[in-house]
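Please read the structure below before turning to the comments.
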Number of protein chains: 2
Amino acid sequence: MQEKAGKRSATTMARRKHIVESAALCFIEQGFHQTSVRDIAKQANISLGGLYNHFENKTALIAEIAALEAEDLSGVVKTLTGNAPPQKRMQRFINAYFKAASGKANAIMTAEIMAESMRNPDIAKGYAVNRQALVDALLPVVEILHPGTPPEPRAQLILDMIEGAGIRVAFEDTKTRKAARTALLDWILP
Amino acid sequence: MQEKAGKRSATTMARRKHIVESAALCFIEQGFHQTSVRDIAKQANISLGGLYNHFENKTALIAEIAALEAEDLSGVVKTLTGNAPPQKRMQRFINAYFKAASGKANAIMTAEIMAESMRNPDIAKGYAVNRQALVDALLPVVEILHPGTPPEPRAQLILDMIEGAGIRVAFEDTKTRKAARTALLDWILP
DNA sequence: TATTTGAGTGAACGTTCGTTCATTCATATA
DNA sequence: TATATGAATGAACGAACGTTCACTCAAATA
C-alpha cells in the first residue's frame with residue numbers, strides 16, 4: 001500500500017479518496033475481479049496511468065477498500081456502550097447492525113470480501129480483527145442477557161445470525177426485512 | 001446449458017462429469033473469475049477446444065456447479081424426516097448441516113456462490129429454491145421445539161446461524177469448531 | 001463395408017487485461 | 001525567477017483471456 005501519512009497536498013489526498021470511492025462503486029456493481037483498472041479510472045475521471053500515482057496496483061486498492069469496510073462499523077459498536085440497561089443496548093445493537101448488514105451495497109461488498117478472504121490472508125486478517133472488536137463489545141451484554149452459557153461462542157453466533165439474515169434479505173421487500181428484524185429481536189432478547 | 005438427457009455414450013457422460021469435478025477443484029482453489037478455461041481443461045486432461053464440446057461456455061459451467069452444490073444437501077434434509085423425536089431430529093440436523101457448512105471446500109464454494117448470486121439471477125434462484133427446501137423441512141420441527149414464535153423466520157435464522165458459523169470456523173482449529181458446534185446445539189435445542 | 005457422426009486436438013483470432021513509460025504541466029521550493 | 005518535484009496523460013507492451021476453427025480419428029449407423 002502507498003504511504004498514507006506524509007504532507008501531501010490536500011487536493012491530492014482528496015483525489016485519492018475520490019478514487020477509492022469510485023473503485024468501491026465499481027466493485028459493488030461488478031465485483032472485484034470483473035472490474036478492470038480502466039473501469040475504475042473512468043469512474044473516477046482520471047487517466048489510466050494517473051491511477052498508479054495513487055495506488056501501487058489493483059490488489060492494493062482492493063485491500064484498502066476491504067479495510068475501509070471493516071472500519072465503517074465503529075458506529076455500530078458504540079450502540080453497545082453507555083449506561084443504558086443491557087436489553088436496551090442489545091436492542092439498539094441488533095437494529096443498527098441488521099440495518100447495516102441488510103443494505104444492498106453492504107451485502108454485496110460483504111459477499112465479495114468473504115469470497116476474497118478465502119484466498120487473501122491480509123483481507124481475512126482485517127475481517128477477523130474487526131469481528132473480534134464486535135465480539136468484545138458484545139461480551140459484557142451477552143453475559144448479562146444470556147447467563148449460564150459460554151459468552152464468546154454465543155456472541156459469535158449472534159453476529160453470524162445477524163449478518164446472515166442481513167445478506168439474505170438485502171434484496172427482499174420491506175415486509176420480509178421487517179419480519180427478519182422482528183425474529184432477530186424476538187430470539188436474541190430475553 | 002447443454003442438453004442433459006439424450007442417449008450419449010457412457011464414456012462421454014463420464015468425461016463430462018470429470019470436467020465438472022475438475023472445474024470444481026479449480027473454482028475452489030482460485031475462484032470463479034480467477035479460473036481460466038485453460039486451467040479447467042488442464043486439470044481435466046482435455047484439450048481447450050474439446051471442453052467446448054461439453055459446455056457452451058464458462059458461464060454454463062459455473063451455473064452447473066452452483067446447481068450441483070445446491071442439490072448436494074439432500075442428505076442433510078433427510079436428517080429431519082422420520083419418526084425420531086423432534087429434539088433428536090433437530091440435533092441430527094444441526095450436526096449434519098454444520099459439518100457440511102464448515103468443510104473447507106464447501107465454505108469456499110459457498111462464499112463464491114454467494115458473491116456470484118448478487119449479480120447472476122439464475123444462480124440466486126437456484127440458491128433460493130434449495131434454501132426454501134431446507135426451511136420447509138425444518139418448519140414442523142421448529143413449530144414443536146420453538147413454540148409461540150413464527151416458525152418460518154425462526155427457521156431462516158437457524159439456517160443463517162449454522163451457515164455463518166460454518167464458514168467462520170472452516171479454517172479454525174478443531175477446538176474452535178467443536179465450541180461452535182456445542183454453542184449451536186446449546187442455543188437451538190430447548 | 002461404406003458412411004455419417006461427434007468428440008478429440010491445438011493453433012489462431014480478436015479483445016481485454018494490468019502495468020509501464022516518456023512526456024507534459026502545474027505547483028512548491030530554492 | 002529559476003529549478004525541482006510529483007501528479008496527469010494516453011500510447012504502448014506483453015500476457016492472458018474466452019471462443020472459434022479446420023482438422024483428425026474412432027466408433028456408431030446404414
Side-chain angles (χ1 to χ4, degrees), chain A residues 1-24 26-27 29-66 112 116 119-120 122-123, chain B residues 1-24 26-27 29-66 112 116 119-120 122-123:
Chain A
M1 199 183 328
Q2 215 100 331
E3 44 171 345
K4 266 184 178 172
K7 42 177 181 179
R8 311 264 269 301
S9 84
T11 72
T12 297
M13 300 226 299
R15 180 91 78 167
R16 183 193 163 88
K17 185 180 171 190
H18 179 240
I19 293 174
V20 170
E21 287 162 356
S22 303
C26 292
F27 289 156
E29 199 163 329
Q30 318 192 62
F32 288 150
H33 301 289
Q34 293 99 298
T35 298
S36 71
V37 180
R38 281 166 182 83
D39 290 333
I40 300 170
K42 193 169 294 180
Q43 177 76 230
N45 287 313
I46 198 178
S47 68
L48 179 58
L51 197 146
Y52 283 86
N53 287 325
H54 299 273
F55 298 93
E56 200 183 16
N57 50 38
K58 188 185 171 184
T59 305
L61 205 33
I62 292 178
E64 178 137 340
I65 283 183
E112 207 68 32
E116 196 65 14
R119 278 162 213 106
N120 188 328
D122 286 343
I123 291 184
Chain B
M1 196 183 328
Q2 213 102 328
E3 43 172 346
K4 267 184 178 172
K7 39 177 182 178
R8 311 266 268 301
S9 83
T11 72
T12 297
M13 300 226 300
R15 181 90 80 169
R16 182 192 163 90
K17 186 179 171 191
H18 179 241
I19 293 175
V20 170
E21 288 162 355
S22 304
C26 291
F27 290 155
E29 201 162 328
Q30 318 193 61
F32 288 151
H33 300 288
Q34 293 101 296
T35 298
S36 72
V37 180
R38 281 167 183 82
D39 290 335
I40 300 170
K42 193 170 293 180
Q43 177 76 230
N45 287 314
I46 199 179
S47 67
L48 178 58
L51 198 147
Y52 283 86
N53 287 326
H54 298 273
F55 298 92
E56 198 184 17
N57 51 36
K58 187 185 172 185
T59 305
L61 205 33
I62 292 179
E64 178 137 341
I65 283 183
E112 207 67 34
E116 195 65 15
R119 279 163 212 106
N120 188 328
D122 287 342
I123 291 185

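Reminder, nothing fancy here: chain letters follow the sequence lines and each chain counts from 1.
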Holding to side-chain contact (heavy atoms from CB on, under 4.5 Å), I want the full list of residues that pass it with [X], two or more places apart in sequence or in another chain.
X        : result
A:Asp122 : A:Asn120
A:Ser22  : A:His18, A:Gln43, A:Ala44
A:Ser47  : none
A:Ala23  : A:Phe27, A:Ile40, A:Leu61, A:Ile65

Whole angstrom is fine here: how far is it from [atom1] in [X] over to [atom2] in [N]?
X       : N      : atom1 : atom2 : answer
B:Asn53 : C:dG10 : CG    : P     : 13 Å
B:Leu51 : C:dG6  : CG    : P     : 19 Å
A:Asn45 : D:dT9  : CG    : P     : 9 Å
B:His18 : C:dG8  : NE2   : C1'   : 15 Å
B:Phe55 : D:dT19 : CZ    : P     : 13 Å
A:His54 : D:dT9  : NE2   : C1'   : 12 Å
A:Ile19 : D:dA7  : CD1   : P     : 11 Å
B:Ile46 : C:dG10 : CD1   : C1'   : 13 Å

Problem - Contacts of A:Gln30 that satisfy side-chain hydrogen bond (donor to acceptor under 3.5 Å, both in side chains) - sequence neighbours left out - result: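 In terms of side-chain hydrogen bond (donor to acceptor under 3.5 Å, both in side chains), with neighbours along the sequence ignored, A:Gln30 is linked to A:Asp39.
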
Practice task
Taking side-chain hydrogen bond (donor to acceptor under 3.5 Å, both in side chains) as the test, write out the residues that go with A:Gln34, two or more places apart.
Solution key: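 Residues passing side-chain hydrogen bond (donor to acceptor under 3.5 Å, both in side chains) with A:Gln34: B:His33.
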
Exercise for the section: For the helix from C:dT1-D:dA30 to C:dA30-D:dT1, figure out the bend between the end axes, five pairs an end, and round to 10 degrees. Expected result: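 Result, rounded to 10 degrees: 10°.
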
Exercise for the section: Using a strict 4.0 Å threshold on nitrogen-to-oxygen distance, state whether B:Lys17 and B:Glu64 make a salt bridge. Expected result: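 No, B:Lys17 and B:Glu64 are not salt-bridged.
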
Practice task
Could you tell me whether B:Glu29 atom CD has more than 12 heavy atoms of other residues or ligands within 6.0 Å of it?
Solution key: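 12 or below, so no.
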
Practice task
For A:Arg119, check salt bridge (Lys or Arg N to Asp or Glu O under 4.0 Å) against everything at least two apart and list the hits.
Solution key: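 In terms of salt bridge (Lys or Arg N to Asp or Glu O under 4.0 Å), with neighbours along the sequence ignored, A:Arg119 is linked to B:Glu112.
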
Exercise for the section: Indicate whether OP1 or OP2 belonging to C:dA7 is found under 4.0 Å from a side-chain N or O atom of B:Arg16. Expected result: no

Taking only nitrogen or oxygen atoms into account, show me every contact under 3.5 Å that the protein makes with nucleotides 13-18 of chain D, one pair per line with its distance.
from   : atom 1 : to      : atom 2 : distance (Å)
D:dG18 : OP1    : B:Lys58 : NZ     : 3.0
D:dG18 : OP2    : B:Val37 : N      : 2.8
D:dG18 : N7     : B:Arg38 : NH1    : 2.8
D:dG18 : O6     : B:Arg38 : NH2    : 2.9

